[in-house]
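Notes to accompany the following structure.
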Amino acid sequence: MPDMPQTVTYDDDKPHEECGVFGVWNAIDAAALTALGLHALQHRGQEASGIVALSENGKFNAHRGLGLVGDTFSDAKVMSALKGRCAVGHNRYATTGETALRNVQPLFAEFEFGGLAVAHNGNLTNSAALKRALVRRGCLFQSSTDTEVFIHLIAISLYGSVLDRLIDAVKQVQGAYSLIAMYDGALIGARDPMGVRPLVLGRLGGAEGNSWILASETCALDIVGAEFVRDIEPGEVVVIDGQGLRSIRPFGRTASRFCIFEYVYFARPDSIVEGTPVYETRKRIGAELARESAVSADVVVPVPDSGVPSAMGYAVEAGIPFELGIIRNHYVGRTFIEPTDQIRNLGVKLKHSANRPMIEGKRVILVDDSIVRGTTSKKIVEMVRQAGATEVHMRISSPPTTHSCFYGIDTPERRQLMAAQHDVEEMARIIGVDSLAFISLDGLYRALGKPGRDSLKPAYCDACFTGDYAIPLTDWAHEPERIGARSIAAE
Ligand code: AMP
């Protein structure tokens with residue numbers, strides 16, 4: 001693997017794969033466009049980022065670094081070493097343990113056909129099983145990221161072309177993935193058969209012809225001025241090369257189970273996901289929540305930033321004034337990134353402060369997108385009470401998070417999920433609110449334009465709220481208590 005700019009200790013062997021990916025085909029300064037795209041996708045991963053660029057003489061150059069995209073790719077020397085018209089980039093989101101630079105994507109390897117760079121967002125659910133089999137066959141793993149499984153599967157494939165080898169690999173993996181691969185000949189984008197994680201296609205027109213972009217979200221197309229063409233479809237593999245773009249369907253037509261939590265929390269509000277603007281959707285979720293769980297109050301206050309659009313929707317529907325009663329300090333990372341419970345608790349105070357005049361003497365409805373461990377809510381409620389609220393009601397724009405995600409959103413183990421341990425009444429008591437309500441699962445589906453959740457054919461992956469894991473959890477099969485799965489369809 002070329003280019004290891006920093007010395008690190010290799011002690012993080014837990015895979016954490018919540019990420020953003022970006023790829024460029026045929027554009028001047030492809031690496032600079034990629035750095036911009038990764039910057040727009042920073043919310044999908046703040047821990048590390050990397051870019052591999054392919055120069056016009058077929059040479060691959062890579063740079064990877066820990067920390068924010070702007071810090072890693074602002075050095076002119078770094079950028080000038082990443083010359084080329086094609087590039088692929090990756091943001092990594094890991095939440096515990098130390099990050100080893102060897103895990104920072106894109107991964108790059110030399111094969112008999114030449115170099116190949118791969119970046120992927122998601123989580124494979126049979127990677128441990130595949131890894132064991134690959135190691136038995138003599139494959140030497142250098143990282144603990146699932147992406148390396150793709151690299152070895154491609155390396156040992158008996159197929160001739162790179163594309164056939166990649167298809168051979170995706171047919172063996174289970175899990176959620178949106179991946180971008182680049183070699184001297186093509187840029188490839190692929191989504192898992194259920195399309196759990198997002199991937200979009202964009203185009204940049206220019207004097208020298210079309211440039212193609214692949215990105216996790218449309219906000220990354222906007223930053224480089226690219227036009228949105230379409231979503232890559234579930235189970236689709238697109239190949240972009242000198243002949244243009246072609247689509248392959250190695251799995252035939254598959255039913256989509258896009259991650260519902262991307263709408264609730266993860267995607268950026270200005271992104272358009274599967275044809276639906278995330279911001280509008282969040283407002284509709286808030287309105288639905290207001291219809292389902294009305295309460296008399298003087299003011300609706302979002303927990304910023306992620307609670308803002310749903311709180312706006314709630315306030316309009318309820319006819320209660322919306323105020324920024326909590327102010328967020330933007331110079332602190334997301335609560336989840338901090339490694340220990342102690343620091344995480346402190347992080348909430350660092351991150352949010354009460355805007356006293358908007359709260360004092362008022363009955364407050366707090367709106368947030370989710371309760372995971374309950375740490376954030378508890379601290380926020382305490383802070384709002386200290387600022388003089390006479391009543392505090394909490395409304396959550398997702399159903400209770402009762403199950404861990406194994407498909408690429410970082411959630412703690414099941415036993416740490418507040419809603420897995422307590423019912424809503426107990427949660428209200430622990431958090432310290434006068435009332436607590438979550439949107440119903442059907443309400444969430446209605447806000448997404450569906451009549452409700454069709455339990456036989458759910459439109460989304462909602463395993464974090466239902467335990468309905470549609471993709472087999474092969475690597476966790478021996479740990480049923482960790483999964484806590486139950487089939488919603490059978491109920
Ligand atoms: P907690 O304090 O554990 O209950 O976390 C809830 C808060 O974390 C909410 O305000 C969410 O906006 C945010 N959140 C939810 N899921 C995630 C995630 N996967 N990564 C980072 N933050 C999250």
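We count ligands from 1, going down the list as the structure has it; atoms in each ligand are counted the same way. Just so we're clear, the structure is a prediction, and the values are computed from it rather than from any experiment.
- The shortest distance between side-chain heavy atoms of Ile409 and Arg197 falls below 4.5 Å.
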Salt bridge (charged side-chain N to carboxylate O under 4.0 Å, His left out) assessment of Glu217 paired with Arg44: CA-CA 10 Å; Glu217 292 182 38; Arg44 300 187 73 86; 2.7 Å; yes
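- Taking only nitrogen or oxygen atoms, main chain and side chain alike, Asp368 reaches within less than 3.5 Å of ligand 1.
- Residue contacts with ligand 1, taken as heavy atom pairs separated by less than 4.0 Å, involve Asp369 solely via side-chain atoms from C-beta onward.
- At a heavy-atom cutoff of 4.0 Å, ligand 1 is contacted by the side chain of Ser306 but not by its backbone.
- A donor-acceptor contact closer than 3.5 angstrom links the side chains of Asp146 and Ser127.
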Derivation and outcome, ring pair (Phe, Tyr, Trp, His ring centres under 6.0 Å), residues Tyr460 and Tyr445: CA-CA 9 Å; Tyr460 299 101; Tyr445 271 76; 5.4 Å; yes
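- In Lys378, the NZ atom is not crowded: 12 or fewer heavy atoms of neighbouring residues, nucleotides or ligands sit closer than 6.0 Å.
- Here atom 13 (C) of ligand 1 lies nearest to Tyr265 when heavy atoms of Phe261, Phe266, Tyr93, Tyr265 are compared.
- For Thr375, heavy-atom contacts with ligand 1 shorter than 4.0 Å involve the backbone as well as the side chain.
- In this structure, Ser377 does not count as a contact residue of ligand 1, since none of its heavy atoms falls inside 4.0 Å of the ligand.
- Taking only non-hydrogen atoms, the option from Thr376, Ile371, Val264, Asp305 nearest to atom 2 (O) of ligand 1 is Thr376.
- Counting atoms of ligand 1 from 1 in the listed order, those under 4.0 Å from a heavy atom of Ile409 are 19 (N).
- The nearest pair of heavy atoms linking Phe22 to Val24 is CE2-CG2, 3.5 Å.
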